[in-house]
2 protein chains.
Amino acid sequence: MTISPSPAPPQPIRMGDAYDPDCPTRQVLDRIGDKWAVLVLLTLTDGPVRFNDLRRRIGAISQKMLSQTLKSLERDGLVSRAAFATVPVTVEYALTPLAGGLIGILDQIARWAEHHVGDIMASRRAHDGNAPLPA
Amino acid sequence: MTISPSPAPPQPIRMGDAYDPDCPTRQVLDRIGDKWAVLVLLTLTDGPVRFNDLRRRIGAISQKMLSQTLKSLERDGLVSRAAFATVPVTVEYALTPLAGGLIGILDQIARWAEHHVGDIMASRRAHDGNAPLPA
DNA sequence: CCGTATCCGCATGGATACTG
DNA sequence: CAGTATCCATGCGGATACGG
C-alpha cells in the first residue's frame with residue numbers, strides 16, 4: 001500500500017502502484033488484523049497477566065498460538081516479559097507504553113464498529129436477499 | 001473479543017471471556033486485517049474505477065482475489081457496483097458513504113504507523129540481536 | 001471486457017505429547 | 001507453571017482455463 005514515507009501531505013493516504021509488504025501501515029495493519037494479537041493486547045489492558053492465566057482468560061486460544069503471539073508481540077516491543085524465579089517459575093506479560101497507541105486505535109475501531117456495524121449487517125441481509133437455504 | 005454492546009463505559013474497551021466471531025469490532029477488524037480489501041478501498045478513494053483498471057493499479061492481485069474482495073465489500077455496503085451496457089460491458093466500482101468511515105480509520109492507522117513503526121523496527125532489531133544470518 | 005470455475009501448493013493453526 | 005516440538009486437517013490464495 002505504501003504510505004508517504006515521512007511528511008504528512010494534504011491527501012489523507014497516498015499509495016504506490018502495488019502491494020508493499022514493507023510499508024509501515026501494512027505492518028500495523030497486519031498486527032491489527034491478527035486475531036490473537038488483538039485479544040492478547042486487550043486482555044493485558046488491566047495489568048500484567050501470567051501465561052496460563054492469559055490462556056484461561058482468552059479461552060479459545062491454544063498454547064501454541066498464545067506462545068507464538070506473545071513472542072511476536074514482545075519482538076515488536078508491544079509486550080514485555082518478566083520472569084520470577086519462584087518455586088514453579090512465574091512469568092508475567094504486560095503492555096509496553098508503545099502498545100498504548102495501538103490500544104487507542106483499537107478503541108477508535110471499536111467505536112466506529114458499534115456505530116456502523118448495524119449498517120453493514122443490514123447491507124448483508126439485503127444483499128443476501130432471501131434465498132440462503134442451500135439444502 | 002466482545003466490546004460493550006451499546007453504551008460507552010469509562011473503560012476504553014471491555015471484553016468477554018472468550019473469542020467471539022460475531023462481535024462488531026471483530027467484523028471490522030477482520031475487514032481491516034484483510035490485505036486486499038484495504039488496497040481496493042484505498043485505490044477507490046480517487047473515484048470510480050473499472051475492474052481491470054483496478055487490477056492493473058493494484059498490480060499484485062489475482063482476478064480471483066479482486067473479484068472475491070469486491071463481492072464481499074459490496075455485500076457489506078462498502079463498495080457499489082455500476083454496470084453499463086456498452087459494447088464490451090463496462091463496470092465501475094466506487095466507495096459508498098459508509099466506506100468513508102473506514103478510510104478515516106485507515107488514515108488514523110497510517111498516521112500512527114508512520115510515527116511509531118520506527119520504534120517497532122528498532123525493537124525487532126534489538127530483539128534479533130545479532131545472529132540473523134541463516135546460511 | 002468482466003468475470004466464474006477448477007485445480008493445487010503452501011502456510012496457518014489446532015491437538016497432542018513431552019521438557020525445564 | 002511455562003513453554004517447545006511434532007503431526008496433521010483445513011483453507012487461503014495463485015495459476016489457469018473457460019463463459020457471458
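Below, chain A is the first sequence line, B the second, and so on; all start at residue 1.
- Counting only Watson-Crick and G-U wobble pairs whose two key distances fall under 3.5 Å, DNA chain C forms stems of three or more stacked pairs at C:3-20 with D:1-18.
- Looking at heavy atoms from C-beta onward, B/Ile32 lies in side-chain contact with B/Ile109 at the 4.5 angstrom threshold.
- The base of C/dA17 sits with one of its N or O atoms less than 3.5 Å from a complementary donor or acceptor on the side chain of A/Gln63.
- In terms of position along DNA chain C, the nucleotide closest to B/Pro88 lies nearer the 5' end than the nucleotide closest to the other residue of the pair B/Lys71 and B/Pro88.
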- [ ] List the steps and the verdict of side-chain contact (heavy atoms from CB on, under 4.5 Å) for B/Arg75 and A/Asp128.
- [x] CA-CA 8 Å; B/Arg75 188 173 106 101; A/Asp128 294 349; 2.6 Å; yes

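- For the pair A/Glu92/A/Val49, no side-chain contact is recorded, criterion being any heavy-atom separation below 4.5 Å from C-beta on.
- Each of A/Lys64 and B/Arg81 has a nearest nucleotide on DNA chain C; the 5'-most of these lies closest to B/Arg81.
- Note on B/Ser67: a side-chain N or O is less than 4.0 Å away from OP1 or OP2 of C/dT4.
- The shortest side-chain heavy-atom distance between A/His116 and B/Leu98 falls under the 4.5 Å cut-off.
- In this structure the side chain of A/Asp76 reaches within 4.5 angstrom of the side chain of B/Arg124, judged on heavy atoms.
- Residues A/Ser72 and A/Arg31 meet the side-chain proximity criterion, which asks for heavy atoms closer than 4.5 Å.
- Two residues are said to be in side-chain contact when any heavy atoms from C-beta on lie closer than 4.5 Å; B/Gln27 and A/Met121 meet this criterion.
- One interatomic measurement links the two molecules: CG of A/Asp30 to P of C/dT12, which rounds to 11 Å at whole-angstrom precision.
- Atom CG of B/Leu42 sits about 5.5 Å away from atom CD1 of B/Ile103, to the nearest 0.5 Å.
- Atom CD in B/Glu74 sits about 10 Å away from atom P in C/dT4, given to the nearest Å.
- Atom C1' of nucleotide C/dG3 and atom CG of B/Asp53 are separated by 16 Å, given to the nearest angstrom.
- Across the protein-nucleic acid pair, A/Trp36 atom CH2 and C/dG13 atom P stand 9 Å apart, rounded to whole Å.
- In this structure, A/Leu66 CG and A/Ile58 CD1 are separated by 6.0 Å, a value rounded to the nearest 0.5 Å.
- Between the CZ atom of B/Arg50 and the P atom of C/dC1 there is a distance of 7 Å, given to the nearest Å.
- Nucleotides of DNA chain D with any atom under 4.0 Å from a heavy atom of chain B span, from 5' to 3', D/dG13 to D/dA17.
- B/Phe84 has its CZ atom 12 Å from the P atom of C/dG3, to the nearest Å.
- Atom C1' of nucleotide C/dA5 and atom CE of B/Met65 are separated by 13 Å, given to the nearest angstrom.
- Atom pair A/Lys35:NZ and C/dA11:C1' shows a separation of 15 Å (rounding to whole Å applied).
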